[in-house]
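Treat the numbers as computed from the prediction; the structure is a model and nothing was measured.
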Amino acid sequence: MKRKLTYLFPVLLALSSCGGNGELPDPVDTFPKEGNEEWSLFANPTSKKLRDDFAWGVDCGSLAEVEKGGGKYYNLKGEEQDLFEILHEGGSNFARFRVWNDPYDKNGNPYGGGTNDVATSVAMAKRAQAAGLKVLVDFHYSDSWADPGKYYAPKAWKELDYEDMVPALGEFTKNSLQEFKKAGVKVSAVQLGNEINPGIAGISSSNYMSISTLINTGAKAAKEVFPSIKTVVHYTNVHTPDNIFKWAGYLKQFKAMPDIIGLSYYPYWHGTLDKLQSCMNKLATDYDVDVAVVETAWGNTDEPTDYANNQFNSSTLGEAGGYATSTQAQVTELADIAECLANVPNNHGAGLFYWEPAWLPVKGAGWISKEGAYYNDHGVDWTDKITKAELEEAYSDSYCYSSWANQAWFDYTGHALESVNAYKHIRWGDHPAKEVYKDLLDEEFQVVLSLSEEWALPKAARVTTNLGAYREVEIEWNKDDVAKIVSPGYYTVKGTCIGKEITANVKAEKNFIADPAFEKQGCKTESGVVAPWVCETTNKYKDFGDCHIEAKAEMGGKGNQYLHWYSTSPFSFTVKQNLGVVPAGNYTFGFSMLSSYYDGGGTEGKILESKLYYKAGEELHEMDIRTEHKGFDSGAHQIDFGPVTLEADTEIEIGFYVDAEARAWGHADDFYFSAVIE
């Protein structure tokens, strides 16, 4: 296969004389303003009017490979028709196409996933525009997928210093857009990187000024070709938005704020609509910027098919995401997101894009090729590292299949589902429906609660609705049943939700450790803790070291604080608590190690000794944590002492001991000495 060279600057520079900087006309929007077709689904319009230039978008990056593999598209009448005509008639007015720099190995083998070099995306964009859709170009600034898991620099830029990468990115952006212009395609919006949470083209997002410079350079280059083009910066993970706000702050500080901040929002990965709304509202209010959801999707079936390994399924992603698996749910999910965008302050909600609604499961149109899979995993071509036989052994054919086929607006044979007209009917508002609760999804709860802390039973249960959604509805618990929960034991609490009976099977425990998660401790920069905890030194070392209460970062555990230790010199400490007289009975004892570096390495010191203990009267019982926990561990690691049996009422002390080299560190949280209910 002849290797495509569309990424090479000298080739593209020759295009700069084609068309000049003059604007191309917008596609003619022939979208009808009202309809009378039969449609069996419901689509509620937004409660507030969306802006006139709102983008009802689709991402069709895999189309070329689908059609090469024999895929065809049929409208709701069963007639074969051009994909973009079907989508435009269904209400779409914008098409998004990803662009990769050089998605081929040195032998010309494509990386798959659409193999979206410039020429491929130009050809698709030309068809989309002819059907009446505007065009958004999504530069990944990579040779394959750029996403929160990777942001490799393109092969041609890999050896460049940052100072040389900046103009290279600008030239690639300008020259690529010149190819669209040469083909008669007006690019209305440009995305400068794809889900850039970790960075762009090998430059980490922690290099705020460098990232801002790259974005500024790309934006300037784009506007040289299309002066009125809208610029987009794309983030994901709206469920943990603090970093998004931080990066937006740096964009503003370094004068790199785009016209639009785009967000990915997949309900099964990114949490509730409230989280999306909160993130968009803060961006719009604090930074006075338009926002758009540039990626979303939902599943229409759980049925398997050839040439697809579907990520979406009802039992995991469907349960987490809050909708049924159906075409109705696809429509409702989009209507819900549109409603969120309509409620963004100051009319800053700018658009909504469905990701890959036409990715059919045909041979050769998978999410990656084997050559691309190696590059995707390692950031270098397989040709430099392994043999062809080793490549074939490393990746099965099925590994490379499409992962998205059951989230399309078409069935596996390319026939349109009714969800293909979702945008049209949301826009028209001609198929509204009052949402009606139908059945309980959560008929029974298994609840473990601690009587040592403030506790409450679940406040809401999930119910199904006629719109294919799972909504949370308040539960009314039987007050007499709740009042009986006063001591450790098992309880059954009855309640009602949407007029139907619901049950909570409650296991009530009591943790005899006070302030077990260190939430009542003041955050301290000096060594030590405060009552009811006690911190002691061993006097073995001159410096005690640094053991204190710290505000939690992004690790697990309850609450907002944990116990932290670190010192630049050797140190040791014991953190302990006297529980007083504990009644005879059976108990569990332990805590969560959130992270630590037990064996040292690099600049980290080694933890020489670490023990969890309890004293029953004068009798000492110890557990060597180093036998349970070695090396580096990030994320909660449960340290469980095992069952503790007290034959009589006994005074109990619990504690945690560390003896460490300089620069050893760790975090502990959520201690418990809890009654076990037999």
Going from [atom1] on [X] to [atom2] on [Y], what distance comes out if it is rounded to the nearest 0.5 angstrom?
X	Y	atom1	atom2	answer
Asp670	Met593	CG	CE	12.5 Å
Asn505	Glu444	CG	CD	4.5 Å
Glu303	Asn310	CD	CG	10.5 Å
Phe671	Trp533	CZ	CH2	5.0 Å
Phe353	Ile337	CZ	CD1	13.0 Å
Asp481	Thr503	CG	OG1	9.5 Å

Enumerate the salt bridge (Lys or Arg N to Asp or Glu O under 4.0 Å) contacts for residues 561-574, please, sequence neighbours excluded, ordered by first and then second residue. none
What pairs meet the ring pair (Phe, Tyr, Trp, His ring centres under 6.0 Å) rule with one or both residues in residues 309-342, with sequence neighbours excluded? Tyr268-Phe312, Trp298-Phe312, Trp298-Tyr323
Suppose we screen for ring-ring contact (aromatic ring centres under 6.0 Å, His included). Which residues come up paired with His564, at least two apart in sequence or across chains? His548, His667
For Phe641, the ring-ring contact (aromatic ring centres under 6.0 Å, His included) test, sequence neighbours excluded, returns Phe589, Tyr614
Hey, what's the ring geometry for [X] with [Y], parallel, tilted or perpendicular (30° and 60° as the breaks)?
X	Y	value
Tyr354	Trp409	tilted
Phe573	Phe571	parallel
Phe512	Tyr587	perpendicular

Please test Glu295 against Asn194 for side chain to side chain contact (heavy atoms under 4.5 Å, CB included), starting from the C-alpha separation and ending with a verdict. CA-CA 11 Å; Glu295 289 187 24; Asn194 190 77; 3.7 Å; yes
Check whether any side-chain N or O of [X] sits under 3.5 Å from a backbone N or O of [Y] as a donor-acceptor pair, and report yes or no.
X	Y	answer
Ser326	Ala329	yes
Tyr287	Phe245	yes
Asn300	Ala408	yes

Only counting residues at least two apart or in another chain, list the ones meeting salt bridge (Lys or Arg N to Asp or Glu O under 4.0 Å) with [X].
X	result
Glu356	Arg98
Lys520	none
Lys494	Glu501
Asp377	none

Applying side-chain hydrogen bond (donor to acceptor under 3.5 Å, both in side chains) as the test, list every pair that has at least one member in residues 643-653; sequence neighbours left out. Asn578-Glu651, Asn586-Thr645, Tyr613-Glu653
May I ask you to check whether Trp565 and Phe656 place their ring centers less than 6.0 Å from one another? yes
Set out, in order, the CA-CA distance, both residues' side-chain angles and the distance that settles salt bridge (Lys or Arg N to Asp or Glu O under 4.0 Å) for Lys500 and Asp439, then state yes or no. CA-CA 9 Å; Lys500 299 183 179 183; Asp439 297 308; 3.1 Å; yes
Test side chain to side chain contact (heavy atoms under 4.5 Å, CB included) applied to Ile654 and Ile513, step by step: CA-CA 9 Å; Ile654 61 96; Ile513 298 176; 3.9 Å; yes
Would you call [X] and [Y] a salt bridge, using N to O less than 4.0 angstrom?
X	Y	value
Glu319	Arg462	yes
Glu474	Lys459	no
Glu509	Lys507	yes

Of all heavy-atom pairs between [X] and [Y], which one has the smallest distance, and what is that distance?
X	Y	answer
Ala664	Ala660	CB-CB, 3.6 Å
Glu339	Pro45	OE1-O, 4.4 Å
Gln330	Gly299	CG-O, 4.0 Å
Val575	Cys535	CG2-SG, 4.0 Å
Leu563	Val529	CD1-CG1, 4.0 Å
Asn44	Ala433	OD1-N, 2.7 Å

Audit row: Arg663, Glu661, salt bridge (Lys or Arg N to Asp or Glu O under 4.0 Å) steps and yes/no: CA-CA 6 Å; Arg663 296 181 302 281; Glu661 296 177 342; over 6 Å; no
Intermediate values then yes/no, side chain to side chain donor-acceptor pair (under 3.5 Å), Thr325 and Ser314: CA-CA 6 Å; Thr325 301; Ser314 298; 2.4 Å; yes
Does Val473 have any side chain to side chain contact (heavy atoms under 4.5 Å, CB included) partners at least two apart in sequence or in another chain, and if so, which? Tyr437, Val463, Cys497, Ile498
Contacts of Ala320 that satisfy side chain to side chain contact (heavy atoms under 4.5 Å, CB included) - sequence neighbours left out: none
Under a 4.5 Å cut-off applied to non-hydrogen side-chain atoms, are Leu41 and His431 in contact? no
Thr568 and Tyr566, any side-chain heavy atoms less than 4.5 Å apart: yes
Between [X] and [Y], is any side-chain donor less than 3.5 angstrom from a side-chain acceptor?
X	Y	value
Asp274	Thr272	no
Ser278	Asn281	no
His234	Ser264	yes

Does the pair Val233 and Trp247 meet the rule for a side chain to side chain contact (heavy atoms under 4.5 Å, CB included), with working shown? CA-CA 10 Å; Val233 171; Trp247 294 322; over 6 Å; no
With Lys48, the side-chain contact (heavy atoms from CB on, under 4.5 Å) member among Leu341, Asn343, Val344: Asn343
Taking the six-membered ring of Tyr491, is NZ or CZ of Lys484 closer than 6.0 Å to its centre and within 45° of its axis? no
For residues 447-455, which side-chain N or O atoms pair as donor and acceptor with protein atoms under 3.5 Å away, sequence neighbours left out?
unit_1 : atom_1 : unit_2 : atom_2 : d
Ser450 : OG     : Ser452 : N      : 3.2
Ser452 : OG     : Asn511 : N      : 2.7
Ser452 : OG     : Asn511 : O      : 2.4

Run the side chain to side chain contact (heavy atoms under 4.5 Å, CB included) check on Ile196 and Tyr151 step by step: do they pass? CA-CA 8 Å; Ile196 68 166; Tyr151 55 108; over 6 Å; no
